[in-house]
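Shown next, in structure tokens, is the structure this report addresses.
Computed from a predicted structure; not experimentally measured. One-based numbering, in listed order, for ligands and for the atoms of each. When reading the values below, keep in mind they use all heavy atoms of this one structure, side chains included, and skip hydrogens, waters and symmetry mates.
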Amino acid sequence: MLEDIKEVYYSEEQLHQIVERLGKQISNDYKGKNLMLVSILKGSVVFMADLMREITVPCSIDFMCVSSYGSDTENKTGVVKIVKDLDINVENYDILLVEDILDSGRTLDYVRNLLIDRHPSSIKICTLLDKPERRAVDLYADYSGAEVPDEFVVGYGLDYAEKYRNLPFIGVLKEEIYTN
Ligand code: IMP
Ligand code: MG
């Protein structure tokens, strides 16, 4: 698995610092609110598990599983399939969407609009990584861990064709892995 990685972008230690900072910000901003973390599966599972433990205010959690890519590396269509919906009624909750990476923005734009229709008290976005130069819709993250250039990254929950999610760091895949 390691031999497929061209370069490490964020080490375990760096990721820990990033998540700690986000947790502090969120804990500060959501004092007295009714916070629900909504993890967008599967990519955000590692980030979610670490982030929730850095949050010091009470919160609920739920999971939504969406799929848009198959094994391709780009969401060209904006078509998002809800594989698993939320269990909890989001009315009266302050939702924070927890995502691994904001790329074109189409996935989160779709999910955000879907949840807005269910009348939560508020809805914001927290993404570990942001690829701003790739944005195809007008969407921004309220909380962002780090920006990455337009390269395909894996690890810490992020996959290529369902692999590499268990790498503890974020790295760039060698191009020959996904062009072959
Ligand atoms: P968007 O709809 O284009 O913003 O795509 C968001 C989703 O695409 C993320 O939740 C990831 O699952 C996937 N994705 C986008 N860029 C990458 C990447 O560099 N590595 C792994 N997955 C990615
Ligand atoms: Mg993915």
Does the residue [X] have a heavy-atom contact with ligand 1, meaning some pair of atoms that are separated by less than 4.0 Å?
{"X": "Arg134", "result": "no"}
{"X": "Gly105", "result": "yes"}
{"X": "Leu129", "result": "no"}

In terms of atom number and element, which parts of ligand 1 are under 4.0 angstrom from non-hydrogen atoms of [X]?
{"X": "Asp103", "answer": "1 (P), 3 (O), 4 (O), 5 (O), 15 (C), 16 (N)"}
{"X": "Asp100", "answer": "9 (C), 10 (O), 11 (C), 12 (O)"}
{"X": "Thr107", "answer": "1 (P), 2 (O), 5 (O), 6 (C)"}
{"X": "Glu151", "answer": "19 (O)"}
{"X": "Ser104", "answer": "1 (P), 2 (O), 3 (O), 4 (O)"}
{"X": "Ile101", "answer": "6 (C), 9 (C), 10 (O), 11 (C), 14 (N), 15 (C), 16 (N), 17 (C), 19 (O), 23 (C)"}

Please determine whether a side-chain nitrogen of the Lys or Arg among [X] and [Y] lies less than 4.0 Å from a carboxylate oxygen of the Asp or Glu.
{"X": "Arg135", "Y": "Asp130", "answer": "yes"}
{"X": "Asp4", "Y": "Lys174", "answer": "no"}
{"X": "Lys84", "Y": "Asp87", "answer": "yes"}

Can you measure from CG (Leu102) to OG1 (Thr127) and round to the nearest 0.5 angstrom?
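Interatomic distance, Leu102 CG to Thr127 OG1, rounded to 0.5 Å: 5.0 Å.
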Ignoring hydrogens and angles, state whether a donor on the side chain of Gln25 or Arg21 is under 3.5 Å from an acceptor on the partner side chain.
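Distance-only check passes for Gln25 and Arg21.
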Tyr156-Asp50 side chain donor-acceptor pair, cut-off 3.5 Å
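Yes, because at least one side-chain N or O of Tyr156 sits under 3.5 Å from a partner of the opposite role on Asp50.
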Asp109 side chain to Gly105 backbone, donor-acceptor under 3.5 Å:
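Flag not set: sc Asp109 to bb Gly105 has no pair under 3.5 Å.
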Test item: Ser44 side-chain N/O and Val98 main-chain N/O as donor-acceptor pair under 3.5 Å:
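Yes.
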I want to confirm something. Looking only at heavy atoms, which of Glu99, Arg106, Lys131 is nearest to atom 19 (O) of ligand 1?
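That would be Lys131.
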If hydrogens are left out, which of Val111, Val80, Val154, Val153 has an atom nearest to atom 21 (C) of ligand 1, that is, the closest non-hydrogen atom?
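Comparing heavy atoms across Val111, Val80, Val154, Val153, the nearest one to atom 21 (C) of ligand 1 lies in Val153.
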